[in-house]
Amino acid sequence: MNAKEPAKRRKTPVHGDGGNQPSDTAVEADTQEVAEKTHDNKVTPSPRITTHQLFGALYESLGPSGNDEKHKKRDETVRAYLRQVAESHKVVSTYNVLMLYDHGPMLRADADRIYAAVTSFSAGRPLLLVLYSSGGQIGPAYLIGKLCREHSDGSLVIAVPRQAKSAATLVCCSADQIHMGSLSELGPIDPQIDELPALALKNSVEHIADLVKKYPNSADMFAKYLHYSLKLVNLGYYERVAQSAAQYAERLLSLHASNLVKPPDAIANELVNTYKDHGFVIDKAEAAAIFGSAVVKFNTEEYMFSNDLYQALSLISDFADHFSHHFYMIGSWDSAPVFYKKSSR
């Protein structure tokens, strides 16, 4: 899949922390003038955007009377609103900032958007990626991790305000530092095929073998079942997909192996093969045990910024959801926010 299209390819958004609002210091003011920074920190004066103005621009563009002019105004308002959230955090000025906020699966097009953003930065600075994703395709996640490291000016920081699961955890393997808070979670790098874990087939066969060992008279029944329901080539393919995920993780971890508490191959194996549930919560404490305290940082200024940005993005996403639209934003401040109509099915 090469592009984000049509709602039929996207999962229905599941909104965590419903009702969260950006902090008052980040969004509440009416006419105060502030310095608006572009992605390379050039300064131009701009009026502050209130939540009322944001909702007005969203309503006009997502409603039945929306048109290209209103869409353009909406996108400009969203970008300005997110910038001013960032401006309340001094730490942001030291980074080139990227966002990957998406309720849908990580796709090849996401890597294209990240590439467009990182190659547009005019100043060489450490890179800060605010990452919110439930996962997706392993290949694009690996490319995103490589891209971020290549354009990070020697230091890549990833902040996880809520979830960075599965393929998004693979992206985190590329980071020199992972900043987390009390609600942050990583997850097993557990490749999914048709929404089923790649390792599940092997585990199922092993379970059947254990049952046959315990109940020998069931051997013929299970043999017939496997004959009609399983192709051996599939068993081998699923196994190789999981091994591929471990190889990707090891390669990304090897890019900054000196600050890890364990060898890259050991961490990769732990993330791919240890956990039995795709949704297992790897919280900040467990993440620190896996990667080490030099990598996983708690409740830092970078995390606080990512939390405010997440709440602002969630506010926009919830409003769009009310009008039957999906929303995601991937790239820098100058990247286009994306809204598209949900499938009627």
Side-chain angles (χ1 to χ4, degrees), residues 3-5 7 9-17 20-22 26-27 36-40 49 51 53-55 57-58 61-62 71-87 89 92 95-121 127-136 140-141 144 147-148 158-164 167-168 171 305-323 325-342:
K4 292 214 184 225
E5 305 167 341
R9 292 184 47 219
R10 313 286 301 170
K11 295 181 180 177
T12 301
V14 178
H15 298 286
D17 306 305
N20 281 341
Q21 303 290 320
V27 301
E36 179 177 307
K37 296 181 180 180
T38 64
H39 66 284
D40 59 358
I49 305 296
T51 53
Q53 291 169 323
L54 174 69
F55 289 160
L58 292 171
S61 68
L62 299 179
H71 293 167
K72 182 179 179 180
K73 178 183 177 182
R74 173 201 66 201
D75 292 352
E76 291 173 349
T77 303
V78 166
R79 286 193 290 263
Y81 183 76
L82 296 176
R83 284 194 191 101
Q84 73 187 28
V85 172
E87 287 162 3
H89 295 268
V92 173
Y95 293 99
N96 285 329
V97 178
L98 289 176
M99 296 166 279
L100 197 165
Y101 175 91
D102 193 358
H103 287 280
M106 196 177 295
L107 305 175
R108 183 72 61 174
D110 298 344
D112 293 335
R113 288 178 175 272
I114 293 294
Y115 177 76
V118 296
T119 54
S120 71
F121 293 130
L127 193 98
L128 170 59
L129 171 64
V130 177
L131 180 59
Y132 174 85
S133 171
S134 60
I144 289 171
L147 279 168
C148 289
I158 295 180
V160 181
R162 292 298 184 274
Q163 63 172 353
V171 176
F305 157 64
S306 76
N307 186 59
D308 273 359
L309 184 63
Y310 162 79
Q311 291 186 66
L313 289 162
S314 292
L315 186 68
I316 297 167
S317 182
D318 288 341
F319 194 95
D321 183 61
H322 182 74
F323 285 90
H325 279 73
H326 294 299
F327 161 75
Y328 65 89
M329 187 153 185
I330 300 171
S332 71
W333 307 123
D334 286 345
S335 299
V338 178
F339 297 84
Y340 64 95
K341 190 77 174 175
K342 292 182 181 180

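One is the number of the first residue; the rest follow in order along the sequence.
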As an exercise, state the distance from [atom1] of [X] to [atom2] of [Y], rounded to the nearest 0.5 Å.
X	Y	atom1	atom2	answer
Ile144	Arg108	CD1	CZ	9.5 Å
Tyr95	Phe121	OH	CZ	13.5 Å
Glu87	His89	CD	NE2	11.0 Å
Phe327	Asp318	CZ	CG	10.5 Å
His103	Tyr132	NE2	OH	4.5 Å
Ser335	Asp75	OG	CG	11.0 Å

Is there a side-chain contact between [X] and [Y] in this structure, where contact means two heavy atoms from C-beta onward sitting under 4.5 Å apart?
X	Y	result
Pro161	Leu309	no
Asn307	Arg162	yes
Val78	Pro337	yes
Val97	Trp333	yes
Leu315	Phe55	yes
Arg74	Leu62	yes
Arg83	Asp334	yes
Thr51	Phe319	no

For [X] against [Y], the heavy-atom pair lying closest together:
X	Y	result
Gly331	Ala117	CA-CB, 3.7 Å
Pro140	Ala111	O-CB, 4.3 Å
Ala336	Arg113	O-NH1, 3.9 Å
His71	Ser61	NE2-O, 3.4 Å
Gly104	Ser134	O-OG, 4.4 Å
Cys148	Leu98	SG-CD1, 4.0 Å

Other residues, nucleotides and ligands only: do more than 12 of their heavy atoms fall within 6.0 Å of CZ on Phe323?
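Yes, the 6.0 Å shell around CZ holds more than 12 heavy atoms from other groups.
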Can you spot which of Ile114, Leu129, Leu147, Leu100 makes a side-chain contact (heavy atoms from CB on, under 4.5 Å) with Val171?
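When side-chain contact (heavy atoms from CB on, under 4.5 Å) is applied between Val171 and each of Ile114, Leu129, Leu147, Leu100, only Leu129 qualifies.
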Looking at [X] and [Y], would you say the former's side chain and the latter's main chain have a donor-acceptor pair under 3.5 Å?
X	Y	value
Gln84	Ile49	yes
Asp308	Phe305	no
Ser314	Tyr310	yes

Could you give me the CA-CA distance, side-chain angles and deciding distance for Leu58 and His322, then say whether side-chain contact (heavy atoms from CB on, under 4.5 Å) is met?
CA-CA 11 Å; Leu58 292 171; His322 182 74; over 6 Å; no
Before giving the answer on side-chain contact (heavy atoms from CB on, under 4.5 Å), spell out for Tyr101 and Leu82 the whole-Å C-alpha distance, their side-chain angles and the decisive distance to 0.1 Å.
CA-CA 12 Å; Tyr101 175 91; Leu82 296 176; over 6 Å; no
